[in-house]
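For reference, the structure discussed in these notes is given below.
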Amino acid sequence: QDKAKLEICKLNDPPSAETVKDMIKYARNVIEEFRRAKHYKYILCLTLTPLVELLEICELSLDKMGAVFEDSNVYMLHMMYQAMGVCLYVQDWEGALCYGQKIIRPYSKHYPSYSLNVASMWLKLGRLYMALNNRMAGVKALKRAIAIMEVAHGKDHPYISEIKKELEDH
């Protein structure tokens with residue numbers, strides 16, 4: 001699966017091996033830079049401005065990496081996940097949903113069928129759809145999360161009961 005996880009763009013003129021190598025180096029550096037910035041900004045000053053800067057780091061790196069990497073590339077997914085997290089933190093539900101929708105298909109491909117990472121993403125998507133008054137999509141996403149969690153945790157797990165109650169309440 002490594003090839004799928006490191007997929008590059010299908011272009012008429014594919015990027016050279018050196019370009020791909022440089023982009024991987026860039027991606028690793030920007031991920032580390034984001035971690036440092038996130039830690040520094042979350043710990044020292046939880047204001048909107050630093051969070052906007054974190055989102056800008058994500059968006060700029062996604063633009064740059066997107067010239068070489070497919071959205072299913074793990075480096076792209078990592079930055080999309082970070083961007084989604086920032087959007088959730090600042091309550092930008094539409095932005096978070098947009099990133100989540102881009103993430104879910106590659107997650108479903110890269111992770112095992114009953115991965116809690118996939119269930120967690122379906123859960124987030126379901127709650128975002130509900131918050132944005134798209135009940136039909138929300139119910140579908142939450143049911144997908146429940147189906148995975150029932151296998152991973154067992155049908156009687158309290159967390160599953162909580163999500164089912166959430167569905168009944170909407």
Side-chain angles (χ1 to χ4, degrees), residues 1-132 134 137-138 141-142 144-145 148:
Q1 273 199 340
D2 286 348
K3 186 176 180 182
K5 290 179 181 178
L6 295 174
E7 195 155 356
I8 59 170
C9 291
K10 292 163 184 62
L11 305 168
N12 289 338
D13 187 19
S16 68
E18 189 67 26
T19 300
V20 172
K21 185 177 147 193
D22 289 346
M23 192 56 69
I24 290 172
K25 185 177 178 180
Y26 167 80
R28 289 179 176 159
N29 288 337
V30 79
I31 287 168
E32 187 54 39
E33 175 189 330
F34 182 86
R35 283 186 183 134
R36 282 193 302 272
K38 185 168 119 177
H39 177 74
Y40 175 79
K41 289 174 178 168
Y42 281 154
I43 301 302
L44 296 180
C45 50
L46 279 172
T47 64
L48 193 56
T49 303
L51 293 172
V52 170
E53 290 172 12
L54 289 176
L55 191 55
E56 282 179 14
I57 291 172
C58 294
E59 290 171 348
L60 291 171
S61 65
L62 285 167
D63 283 345
K64 184 170 181 169
M65 290 187 295
V68 176
F69 298 147
E70 288 290 340
D71 280 353
S72 61
N73 183 291
V74 291
Y75 296 112
M76 293 288 285
L77 288 170
H78 180 82
M79 290 311 295
M80 283 188 267
Y81 187 82
Q82 297 304 320
M84 182 181 184
V86 174
C87 289
L88 288 169
Y89 194 85
V90 299
Q91 298 181 358
D92 173 6
W93 309 138
E94 289 92 357
L97 180 64
C98 184
Y99 284 112
Q101 289 169 327
K102 289 179 182 179
I103 292 169
I104 192 61
R105 187 171 288 123
Y107 262 38
S108 298
K109 187 169 104 178
H110 294 325
Y111 286 110
S113 301
Y114 296 104
S115 167
L116 290 176
N117 290 320
V118 177
S120 174
M121 187 56 61
W122 279 119
L123 183 61
K124 286 175 186 169
L125 285 170
R127 288 177 172 161
L128 284 165
Y129 283 125
M130 292 297 206
L132 293 167
N134 186 344
L142 290 173
R144 290 187 83 163
I148 294 168

Work out which heavy atom in [X] is nearest to a heavy atom in [Y]; give both atom names and the distance.
X: Val30; Y: Met79; value: CG1-SD, 4.4 Å
X: Cys58; Y: Gln82; value: SG-CB, 3.9 Å
X: Ala145; Y: Ala119; value: CB-O, 3.5 Å
X: Ser115; Y: Ile148; value: O-CG2, 3.4 Å
X: Ile8; Y: Pro15; value: CD1-CG, 4.1 Å

* Is Tyr26 atom OH crowded by more than 12 heavy atoms from other residues, nucleotides or ligands, each under 6.0 Å away? ->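 Yes, OH of Tyr26 has more than 12 neighbouring heavy atoms, counting only those of other groups under 6.0 Å.
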Practice prompt. Begin with the C-alpha distance, continue with both residues' side-chain angles, and end with the deciding distance and a verdict on side-chain contact (heavy atoms from CB on, under 4.5 Å) for Asp22 and Val68.
Written response: CA-CA 10 Å; Asp22 289 346; Val68 176; over 6 Å; no
To the nearest 0.5 Å, what is the distance between [atom1] ([X]) and [atom2] ([Y])?
X: Glu59; Y: Glu56; atom1: CD; atom2: CD; result: 7.5 Å
X: Lys124; Y: Met84; atom1: NZ; atom2: CE; result: 5.5 Å
X: Leu123; Y: Met121; atom1: CG; atom2: CE; result: 10.0 Å
X: Leu62; Y: Met76; atom1: CG; atom2: CE; result: 5.0 Å

* Are His110 and Asn117 side-chain neighbours, meaning at least one heavy-atom pair lies under 4.5 Å? ->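 Counting from C-beta outward, His110 and Asn117 never come under 4.5 Å.
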task: Find out whether Val86 and Tyr89 are in side-chain contact, i.e. whether some heavy atom of one side chain is under 4.5 Å from a heavy atom of the other.
output: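 They are not in side-chain contact.
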May I have the list of side-chain donor-acceptor pairs in residues 90-107 shorter than 3.5 Å, sequence neighbours left out?
unit_1	atom_1	unit_2	atom_2	d
Asp92	OD1	Gly95	N	2.9
Gln101	NE2	Tyr129	OH	2.9

**side chain to side chain donor-acceptor pair (under 3.5 Å) contacts in which one or both residues fall within residues 64-80, not counting sequence neighbours** =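 Listed by first then second residue: Arg28-Tyr75.
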Quick one, Ile24 with Phe69, criterion side-chain contact (heavy atoms from CB on, under 4.5 Å). Give me CA distance, side-chain angles, the key distance, then yes/no. CA-CA 9 Å; Ile24 290 172; Phe69 298 147; 3.7 Å; yes
In chain order, what residues pass the side chain to side chain donor-acceptor pair (under 3.5 Å) check against Thr19, with sequence neighbours excluded?
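Thr19 satisfies side chain to side chain donor-acceptor pair (under 3.5 Å) with Ser16 only.
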Query - Results of salt bridge (charged side-chain N to carboxylate O under 4.0 Å, His left out) for Arg144 - residues two or more places apart only - result: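 With sequence neighbours excluded, Arg144 shows a salt bridge (charged side-chain N to carboxylate O under 4.0 Å, His left out) to no residue whatsoever.
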- [ ] Applying salt bridge (charged side-chain N to carboxylate O under 4.0 Å, His left out), name anything that partners Lys25, two or more places apart in sequence or on another chain.
- [x]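 So Lys25 forms no salt bridge (charged side-chain N to carboxylate O under 4.0 Å, His left out) with any residue.
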